*Asks:* 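Pasting in a structure now, in structure tokens, and then I'll have a few things to ask.
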Amino acid sequence: MLTFDTPNQVVVMIEHLLKEKVIQSVKDLYGAEVSVKTVQIQKTRPEFEGDFTIVVYPFLRLSKKGPEQTAEEIGNYLADQLKEVESFNVIKGFLNFVMSNSYWLAFFNDNRDDGSFGKVYAAEKEAVVVEYSAPNTNKPLHLGHVRNNLLGWSVSEILKASGRKVVKVNLVNDRGIHISKSMLAWQKWGGGKTPESESMKGDKLVGDFYVMFDKEYKCQMVELVESGMTKEEAAKKATLILEAQEMLQKWEQGDHATRKLWEQMNDWVYDGFDVTYKRMGIDFDKIYYESNTYLLGKKLVDEGMEKGVFFKKDDGSVWCDLSEEGLDEKLLLRADRTSVYMTQDLGTAQLRYDDYHPSDLIYVVGNEQNYHFDVLKIIMKKLGREWAEHIHHLNYGMVELPHGKMKSREGKVVDADDLMDEMVEIARKTTEELGKFDDFTPEESAKLYEMLGLGALKYFMLKVDPMRTMLFNPKESLDFNGNTGPFIQYTHARIKSVLRKAEERGVSYSDRFELPGALEEKEKNLLKLLHDYRQTVQMAAENLSPAMVANYTYELAKEYNQFYHGHPMLKEPDENVRNFRLGLSGFVGNTIKSATGLLGIEVPDRM
RNA sequence: GGUCCAGUAGCUCAGUUGGAUAGAGCAACAGCCUUCUAAGCUGUCGGUCCCAGGUUCGAGUCCUGGCUGGAUCACCA
């Protein structure tokens, strides 16, 4: 999705070297040019001997020889020229290279203690702006926001680790007709209730009034329909909606009392959101408020009128004609001059561009808004903003529940706070059932449960490709075994435990190693996986996909557990082998910590 | 109806720009704790990669057409 403007020089990998040599070998052997793209390098499948594999089928046209012979010739060429290549074998059109032990050992020795292994912090000058969360001030955060927040935060961290400068921004949807609804409900039926008087989180209190409004509004509509109105008429004529509209206009005119109420209720909500964000572990570099940007949006609408790209209808409403693009007409300003969603987003996009002149603007927003972002891009381009080309909509699928969908207006949602509570509670129960660590203080235990519960939740949400609609089944999703966050956390704790024991026994394993003999299969597998980490981070950044990091981390943890099972360390008599395995464990531990860090998952030293 | 997205084991999901015999976890069943953490490891069972064509040395992956599911096409945000 994102392309790298500056090729990454810091991460020079053996794959690149192999590629270059293959291109050269084809040139020298067959006198033909091949592009970088046609050279495919992949990891050798476990059932064959080798570390890297090159597919030679694409070169047969040039060599005018059979696959085996071509592979043999290229293999000889590379084995001759690269000291890192130990040997090679050919199976059909597949050329498998075995890298030398000294290559793997050098990789191991050079990187195992590097705390920033796999990450590249050579920041570009221009930032990438990532918007996520974008809450609505009258709805408490729910399951959908959880996916959004985790995705946005993690994508930002991954981009940073890949060498980009990132600005994390939130856009608070703090104005509009929906806000008037909860304000009106509070005025009418609130009886002066406050978060303090009710001992409630502010966002929950305001959310309740929003639900209350909707309920009463529906009652009014039913009455009107019974008195002979059509449904559409009733929806427009109900006194509650008329009052809400009047309130919105008062707000836009800056009416003192209305503004004051609005500020007070918003403050309640922000206090509530802060608690949720903090617990979730996400943060922002900058917060935009729509109440500050919608006026800029209106200016852009005026600009569009002057440029003749928008037009006005008889009632005074302003529209943009998108029929050339195969779309409809889009409303930008109501007849009463109040702004709509698109107006605000035009303004925020402009403001954000002016603030940072970013190379890319990423919007983490659900896929139900694909149309909105298509339109946003088109309109910005019509206004002559060339940078609109760099707007990316990172859309993600909805989170569905086993029994139908969530409906926030009816209050049928999986609330983010409740969900976190539940996960942490399960972590507590599970740990207690396993009978672990009676020596933990209550504070230490609480911290561990929090880590595990949230780790399970985060991993569950992030391991799935963002594009997919995912199913959240509370019963099955809250598992702590298998492909889960706690499994990875457990692996880390296990590694730390061994290293702790080694230290207690005074075993030092910090030297560079010269390993006698060959690496064992599991050891080699681990080295290969660790070797992949840098590439995984880069790919995850390009694809804006935390799922790639999550799945990589699982593979690594799984491979380590297999290694752990069959390879003693502290009891290994050969000191050199023992120390190598301890060093390898440390390397894996560091990498797990680094990778989970990109996902916002903390790993404990004991569990 | 138009547009966009998805469809892989009973369930939840992996599957880097097309590459070798499509992989995990859960569930089910059978094993492994006096030995560095059993939240682990090993094994068994489980597949028409939605269907049909096409492209080519090669298709889960690309193209076309269907089928199924979801989203969207608001003076809600």
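Proteins come first, then strands; the chains are lettered A, B, ... in the order of their sequence lines, and each starts at number 1. In this text, all values refer to a predicted model and were calculated from it rather than measured experimentally.
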*Asks:* Residues in side chain to side chain donor-acceptor pair (under 3.5 Å) with A:K92, at least two apart?
*Replies:* none
*Asks:* Verify side chain to side chain donor-acceptor pair (under 3.5 Å) between A:S291 and A:D174, making sure each step is shown before the conclusion.
*Replies:* CA-CA 6 Å; A:S291 54; A:D174 64 344; 2.6 Å; yes
*Asks:* Rounded to whole Å, how long is the line connecting atom CG of A:N367 with atom P of B:G69?
*Replies:* 18 Å
*Asks:* In the structure shown, which nucleotide is the Watson-Crick or G-U wobble counterpart of B:G69, with both distances under 3.5 Å?
*Replies:* B:C5
*Asks:* Could you tell me how far B:G60 sits from B:U17 if I compare only their P atoms? Round to whole Å.
*Replies:* 15 Å
*Asks:* B:A22 and B:C26: how far apart are their P atoms, nearest whole angstrom?
*Replies:* 23 Å
*Asks:* Base, sugar-phosphate or nothing for A:L434? Non-hydrogen atoms, less than 4.0 Å.
*Replies:* base
*Asks:* By the 4.0 Å heavy-atom rule, please label A:L333 as base, sugar-phosphate, or nothing.
*Replies:* nothing
*Asks:* Which residues satisfy the side chain to side chain donor-acceptor pair (under 3.5 Å) test with A:N367, sequence neighbours excluded?
*Replies:* none
*Asks:* Measuring only the P atom in each nucleotide, how far is B:U37 from B:G43? A whole number of Å is fine.
*Replies:* 24 Å
*Asks:* What nucleotide among B:C13, B:A39, B:C75 has an atom nearest to a side-chain atom of A:T430?
*Replies:* B:A39
*Asks:* Tell me, please, which residues at least two apart from A:E49 pass side chain to side chain donor-acceptor pair (under 3.5 Å).
*Replies:* none
*Asks:* Polar atoms only, N or O, under 3.5 Å: list the protein pairs with nucleotides 18-25 of chain B and their distances.
*Replies:*
| residue | atom | partner | partner atom | Å |
| --- | --- | --- | --- | --- |
| B:G19 | N7 | A:Q40 | OE1 | 3.0 |
| B:G19 | N7 | A:Q40 | NE2 | 3.3 |
| B:A20 | OP2 | A:R45 | NH1 | 2.7 |
| B:A20 | N6 | A:T53 | OG1 | 3.1 |
| B:A20 | N6 | A:N96 | OD1 | 3.0 |
| B:G23 | OP1 | A:R45 | NH2 | 3.2 |
| B:A24 | O3' | A:K558 | NZ | 3.4 |
| B:A24 | O2' | A:Y554 | OH | 2.8 |
| B:G25 | OP1 | A:K558 | NZ | 3.2 |
| B:G25 | O2' | A:N483 | N | 3.3 |

*Asks:* Under 4.0 Å from OP1 or OP2 of B:C76: is there any side-chain N or O of A:R334 that close?
*Replies:* yes
*Asks:* Name each donor-acceptor pair under 3.5 Å that joins a side chain in residues 447-456 of chain A to protein atoms two or more places apart or in another chain, with its distance.
*Replies:*
| residue | atom | partner | partner atom | Å |
| --- | --- | --- | --- | --- |
| A:E450 | OE1 | A:R279 | NH2 | 3.4 |
| A:E450 | OE2 | A:R279 | NE | 2.6 |

*Asks:* Does anything in residues 455-469 of chain A form a side chain to side chain donor-acceptor pair (under 3.5 Å)? List the pairs, not counting sequence neighbours.
*Replies:* A:Y459-A:N483
*Asks:* Whole Å only: how far is the CG atom of A:L462 from the C1' atom of B:A14?
*Replies:* 15 Å
*Asks:* So that I can tick it off, tell me whether A:D532 and A:K43 are bridged by a salt bridge, with the cut-off set at under 4.0 angstrom between side-chain N and carboxylate O.
*Replies:* yes
*Asks:* Between residues 486-495 of chain A and RNA chain B, which residues have a heavy-atom gap below 4.0 Å?
*Replies:* A:F487, A:Y490, A:A493, A:R494
*Asks:* Can A:D214 and A:K218 be counted as an ion pair, charged N to O under 4.0 angstrom?
*Replies:* yes
*Asks:* Identify whether the glycosidic angle of B:C26 places it syn (within 90° of 0) or anti.
*Replies:* anti
*Asks:* Using the P atom as the point on both nucleotides, what is the distance between B:G10 and B:U64, in whole Å?
*Replies:* 30 Å
*Asks:* Please check the phosphate of B:A14 (OP1 and OP2 only) for any side-chain N or O of A:R468 closer than 4.0 Å.
*Replies:* yes
*Asks:* Please report, rounded to the nearest Å, how far the C1' atom of B:A39 is from the CD1 atom of A:I592.
*Replies:* 14 Å
*Asks:* In chain order, what residues pass the ring-ring contact (aromatic ring centres under 6.0 Å, His included) check against A:W251, with sequence neighbours excluded?
*Replies:* A:W262, A:Y294
*Asks:* Kindly point out which of B:U37, B:A74, B:U16 is positioned nearest to the side chain of A:D328?
*Replies:* B:A74
*Asks:* Return yes if the base of B:C75 and the side-chain atoms of A:D315 contain a donor-acceptor N/O pair under 3.5 Å, otherwise no.
*Replies:* yes
*Asks:* Can you check the A:R61 CZ to B:U56 P distance for me, whole Å?
*Replies:* 13 Å
*Asks:* Rounding to an integer number of Å, can you tell me how far A:M569 CE sits from B:U35 P?
*Replies:* 16 Å
*Asks:* Between A:N561 and A:G566, which residue's closest nucleotide on RNA chain B lies nearer the 5′ terminus?
*Replies:* A:G566
*Asks:* Given atom CE of A:M342 and atom C1' of B:U72, what is their separation to the nearest angstrom?
*Replies:* 13 Å
*Asks:* Are a donor atom and an acceptor atom from the side chains of A:H567 and A:E520 found within less than 3.5 Å of each other?
*Replies:* yes
*Asks:* Within this structure, what is the NZ-to-P distance between A:K19 and B:U16, rounded to whole angstrom?
*Replies:* 15 Å
*Asks:* Would you classify A:M548 as touching base, sugar-phosphate or nothing, given that sugar-phosphate means primed atoms plus P, OP1 and OP2, and contacts are heavy atoms under 4.0 Å?
*Replies:* nothing
*Asks:* Considering only side-chain heavy atoms of A:Y371, which listed nucleotide, B:C36, B:C76, B:U72, is closest?
*Replies:* B:U72
*Asks:* When all nucleic acid strands are considered with a 4.0 Å heavy-atom cut-off, which category describes A:D605: base, sugar-phosphate, or nothing?
*Replies:* base
*Asks:* Using distance alone, with no hydrogens and no angle criterion, decide if A:T53 and A:R45 have a side-chain donor and acceptor under 3.5 Å apart.
*Replies:* no
*Asks:* Say we look at B:A30 and B:G69: how far apart would their C1' atoms be, to the nearest angstrom?
*Replies:* 39 Å
*Asks:* Suppose you measure atom P in B:A24 against the same atom in B:A14; what distance do you get, rounded to whole Å?
*Replies:* 16 Å
*Asks:* Given the C1' atoms of B:U48 and B:C5, what is the spacing between them in whole Å?
*Replies:* 24 Å
*Asks:* Checking all strands, does A:M467 fall into the base, sugar-phosphate, or nothing category for heavy-atom contacts under 4.0 angstrom?
*Replies:* sugar-phosphate
*Asks:* Applying side-chain contact (heavy atoms from CB on, under 4.5 Å), can you list everything that pairs with A:D321, at least two apart in sequence or on another chain?
*Replies:* A:F311, A:S323, A:E329
*Asks:* Which whole number of Å gives the distance between the P atom of B:G7 and that of B:C13?
*Replies:* 11 Å
*Asks:* Roughly how many Å is it from CZ in A:R147 to P in B:C13, rounded to a whole number?
*Replies:* 9 Å
*Asks:* With RNA chain B as reference, determine whether A:I177 or A:D465 sits nearer its 5' end, using the nearest nucleotide of each.
*Replies:* A:D465
*Asks:* Please determine, for B:G43, whether a Watson-Crick or G-U wobble partner exists with both distances under 3.5 Å, and give it or none.
*Replies:* B:C29
